[in-house]
J.: 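Handing you a structure now.
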Protein chains: 2
Amino acid sequence: MVLVCLLLVFPFSWFLLVGSFGYPTSSPLGTAPRVSVARRVTLLTCLPYTTKVSRNANIAKLQAGYLFPEIARRRAALLLKHPDAKIISLGIGDTTEPIPEVITNAIAERARALSTVDGYSGYGAEQGEKKLRAAIAATYYQDLGIDETDIFVSDGAKCDISRLQAYVDSSVIMGQTDLYQQDVQKCGNIEYMRCSPENGFFPDLSKVPRTDIIFFCSPNNPTGAAASRDQLTQLVKFAKDNGSIIVYDSAYAMYISDDSPKSILEIPGAKEVALETASFSKYAGFTGVRLGWTVVPKELLFSDGHPVAKDFNRIVCTSFNGASTISQAGGLGCLSPEGLKAMQDVVGFYKENTKIIVDTFESLGFNVYGAKNAPYVWVHFPGGNSWDVFAEILEKANVVTTPGSGFGPGGEGFVRVSAFGHRENIIEAARRLKQLYK
Amino acid sequence: MVLVCLLLVFPFSWFLLVGSFGYPTSSPLGTAPRVSVARRVTLLTCLPYTTKVSRNANIAKLQAGYLFPEIARRRAALLLKHPDAKIISLGIGDTTEPIPEVITNAIAERARALSTVDGYSGYGAEQGEKKLRAAIAATYYQDLGIDETDIFVSDGAKCDISRLQAYVDSSVIMGQTDLYQQDVQKCGNIEYMRCSPENGFFPDLSKVPRTDIIFFCSPNNPTGAAASRDQLTQLVKFAKDNGSIIVYDSAYAMYISDDSPKSILEIPGAKEVALETASFSKYAGFTGVRLGWTVVPKELLFSDGHPVAKDFNRIVCTSFNGASTISQAGGLGCLSPEGLKAMQDVVGFYKENTKIIVDTFESLGFNVYGAKNAPYVWVHFPGGNSWDVFAEILEKANVVTTPGSGFGPGGEGFVRVSAFGHRENIIEAARRLKQLYK
């Protein structure tokens, strides 16, 4: 940081800066007296200029250690010690396989069309292209009473969830939660629904207090568990009894291979209590291309009868200008008959990886969960500390996993192993794990 | 909307709904008494289910009529009356010319690479690709002490400004402003800096009260006026004296043809009081492709000394997953030597349009402003009502403009004419305007 000497640069607007420069709770500039010209020579230290704008105190409430940066730090530390280590990453769930050509052809074709007079288009609709919205509704929500006007195309589920939080949610940044409480490992005003093998990875709803918003993802990340039709019916009834809104994250729905619902909107009555976010990221390798969608049924109403979709539309139009039109062309490629087949192949490939990981751990006597309906294997190390297990696997097998406790207190004793990886890396990781735990 | 009869669907959790269904200020569900099973038959009307989640009251504060939807409505009304009208749109500032091939080739090439094992990449950095950040710093901020780490690549300036508002700004949605006051035509807690021919389209800073945040765009949209070096030096000094943060929107900087600064960061000391948003939209026709950036200098500090960039980085990482990597490939194409030349040609084309529009109005005796440094012509109709002038031009010349008062009370008596359009449309619009006002 460049330290600017206020004395020299701003002779007519400087202040006597008192105290050491740190992060005081009140601004030194705000309370310091103006000093006369004659006393200028007393300012011997050059201190950086600060504005008088207070920092949003809520940001300071955020926990410093976001999980994946910490994992990246530990991985880097290992590489510093052992520069030749061939580290295999089965940590963060990032896709590794090429995007099928039928999809990238659609992107390239749109890009080229943008260089022609007839093919050029400027601003797209904030809600996404009509054709793509219709294709999403027809492909994923047929016979569920969802039409294109219920679909909001986004640049990914993460971004849409943050737009939802901008107005509908009690989020930390907006100052609507209390501080993180170390003893119970949670923020005030946020209830956590513990999901573990004991409850079949589905919360005991009789013990959950009423909240306005229920965040629920299925298949669950990190446990990989998909909620059954019975469980989702319970959840919808619970929301209805309480007048809550369910924000349902179905980003891995295409990985579901048993008869669990792929969308919460399959449950009768869900349209009145749930909205759903989804994404092409894990179906077509679009983690970098950025394309997803949110379904906000017209039937979902605030307590005063105002449709949630109407306000969400306003937020989307105010804070977003639509997903990139070239990404949307890719989305249309995904939903063509060849694209759908190609996405099934991509999903199938990662599911084969999942099976290799499951077989490895089971052959070593571990209990594993998830995996059947998701590209994540949730491995139990009874009595173990997640970060210790993570460190052991990283240091001895040079395989990056994710410590379960990083996702919340309910994950202690587990690690999550991601099935996203090249086949040879998955096989090599399996070999090393067998070596480590034989 | 589907009306669901609560009686049938939820026998164990229903309420007697009283009163008519409208938008009452408190929820009928929240206060209605539970009724016994025996009285179920008294529920004769099927009313829609509402959740118990209150609508964010701040959303209701938003003014209903966003300018461009209203213009679209009036245009549609004209077409309904005169289906054969050949309407030319010089209203909303949307690009019309094809993207240069050197840029779309870069996009198509990246798309195709994503279908190869070596060329595939998953999640990108939230802040953007290192190479693009470096190219932006080198192209637009050379010798200004800005490096790649100060650059945050975004999916457009609008989106970044809304991310800024999520924590640094007093915005309406977050409930940090008072209601819109019809008499003074502004929201409480927001001060408007009136820019008109009388003050050279630059506010009299001696009459502006202190605020935390100063939004300033140059060239100004809608007036098309660019602030001179002297004016920006005054603005930076004003911010420094007040400890304010300037949010500077330089989305049209490449249109500046006199020696006005293209970036506020050219002004000495600006890095301590300003951040800047920018965009490829109007240089390369990226309105649909979505790519922009924000510069947050390390020297910009909150009152407690905490760097604004550090918190902004946290917001970006929390609520955004990076601009589409294929759009970023396009950005790299833009900043190649051939891309820069091609963008200059695009900008030059629209500037020729601007000259045609200026010449037209001046030949008719109108005073026009802006235009020299921006693709917008700000035409004065002394004593006229902006919406009346808009309606006259729409109905008699079938040309869509933008009523100046739609941008704020200072715009009354003006219309904005956008220079984005195919050449033949600009020439035809000029012909019709000459006919109308001859």
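All chains are named by letter (A, B, ...) in the order of the sequence lines, taking the proteins before the strands, and each is independently numbered beginning at 1.
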J.: Relative to chain B, which segment of A:Glu129 carries a heavy atom at a distance below 4.5 Å: side chain, backbone, both, or neither?
T.: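 No part of it gets close to chain B.
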J.: So, do A:Arg112 and B:Glu101 sit near enough that their side-chain heavy atoms are less than 4.5 Å apart?
T.: no
J.: Which bit of A:Thr95 comes within less than 4.5 Å of chain B, counting heavy atoms only: side chain, backbone, both or neither?
T.: both
J.: So do A:Lys271 and B:Tyr49 actually touch side chain to side chain, heavy atoms under 4.5 Å?
T.: no
J.: For A:Arg210, is it the side chain, the backbone, both or neither that has a heavy atom under 4.5 Å from a heavy atom of chain B?
T.: side chain
J.: Using the ring of A:Phe320 (Phe, Tyr or Trp, six-membered ring only), decide whether B:Lys158 places NZ or CZ under 6.0 Å from its centre and within 45 degrees of its axis.
T.: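 Output no; distance or angle outside limits.
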J.: Only pairs of heavy atoms separated by less than 4.5 Å count here; which of B:Leu114, B:Ile103, B:Val273, B:Asn321 has the most with chain A?
T.: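 Option with the top pair count is B:Asn321.
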J.: Would you please test A:Ser324 and B:Ser324 for side-chain hydrogen bond (donor to acceptor under 3.5 Å, both in side chains) and show each step?
T.: CA-CA 7 Å; A:Ser324 173; B:Ser324 173; 5.1 Å; no
J.: Is A:Ala323 close to chain B through its backbone or its side chain, or both, or neither, when contacts mean heavy atoms under 4.5 Å?
T.: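 Just its backbone gets close to chain B.
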J.: Under a 4.5 Å cutoff for heavy-atom pairs, which residue among A:Ala111, A:Gly122, A:Cys159, A:Pro100 has the most contacts with chain B?
T.: A:Gly122
J.: What residue in A:Ala113, A:Gly119, A:Ser115, A:Gly124 has the most heavy-atom pairs under 4.5 Å with chain B?
T.: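 Most heavy-atom pairs under 4.5 Å with chain B: A:Ser115.
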J.: Contact part of A:Glu97 toward chain B, heavy-atom cut-off under 4.5 Å: side chain, backbone, both or neither?
T.: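 Only the backbone of A:Glu97 comes within 4.5 Å of chain B.
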J.: Where does A:Asp155 contact chain B at under 4.5 Å (heavy atoms): side chain, backbone, both or neither?
T.: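 Side chain only.
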J.: For A:Tyr120 versus B:Phe286, what's the shortest heavy-atom pair and its separation?
T.: OH-N, 4.5 Å
J.: Do B:Pro98 and A:Thr116 have side-chain heavy atoms sitting under 4.5 Å apart?
T.: no
J.: Side-chain contact, heavy-atom cut-off 4.5 Å: A:Thr50 with B:Phe302?
T.: no
J.: Which residue out of B:Ser281, B:Gly156, B:Gly330, B:Ser327 racks up the most heavy-atom pairs below 4.5 Å with chain A?
T.: B:Ser327
J.: Check whether A:Leu300 gets within reach of chain B through its side chain, its backbone, both or neither, counting any heavy atom under 4.5 Å.
T.: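 Contact with chain B: side chain only.
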J.: Is there a donor-acceptor contact under 3.5 Å from the side chain of A:Thr51 to the main chain of B:Ser244?
T.: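 No, the answer is negative, given that no donor and acceptor are paired below the 3.5 Å cut-off.
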J.: Could you have a look at B:Asp160, B:Leu291, B:Ile92, B:Asn242 and say which one has the most heavy-atom pairs with chain A under 4.5 angstrom?
T.: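 If we count pairs closer than 4.5 Å to chain A, B:Asn242 comes out on top.
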J.: Tell me which of these, B:Ile107, B:Asp118, B:Thr96, has more heavy-atom pairs under 4.5 Å with chain A than the rest.
T.: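 Option with the greatest count: B:Thr96.
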J.: Mind ranking A:Lys282, A:Glu109, A:His422 by heavy-atom pairs under 4.5 Å with chain B and telling me who comes out on top?
T.: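 Between A:Lys282, A:Glu109, A:His422, the count favours A:Lys282.
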J.: Between A:Pro48 and B:Leu301, is any pair of side-chain heavy atoms under 4.5 Å apart?
T.: yes
J.: Could you check B:Ile245, B:Thr211, B:Asp304 and say which one makes a side-chain contact (heavy atoms from CB on, under 4.5 Å) with A:Val53?
T.: B:Ile245
J.: Give me the atom names and distance for the closest heavy-atom approach of A:Asp241 to B:Lys52.
T.: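 Answer, listing the atom of A:Asp241 first, then B:Lys52: O-NZ, 3.9 Å.
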J.: B:Cys317, B:Ala106, B:Ala239, B:Ala108: which one forms the most heavy-atom pairs within less than 4.5 Å of chain A?
T.: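 Highest number of heavy-atom pairs under 4.5 Å: B:Ala108.
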J.: Where the side chain of B:Thr325 meets the backbone of A:Gly288, is there a donor-acceptor pair that is under 3.5 Å apart?
T.: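 Yes; at least one donor-acceptor contact below 3.5 Å.
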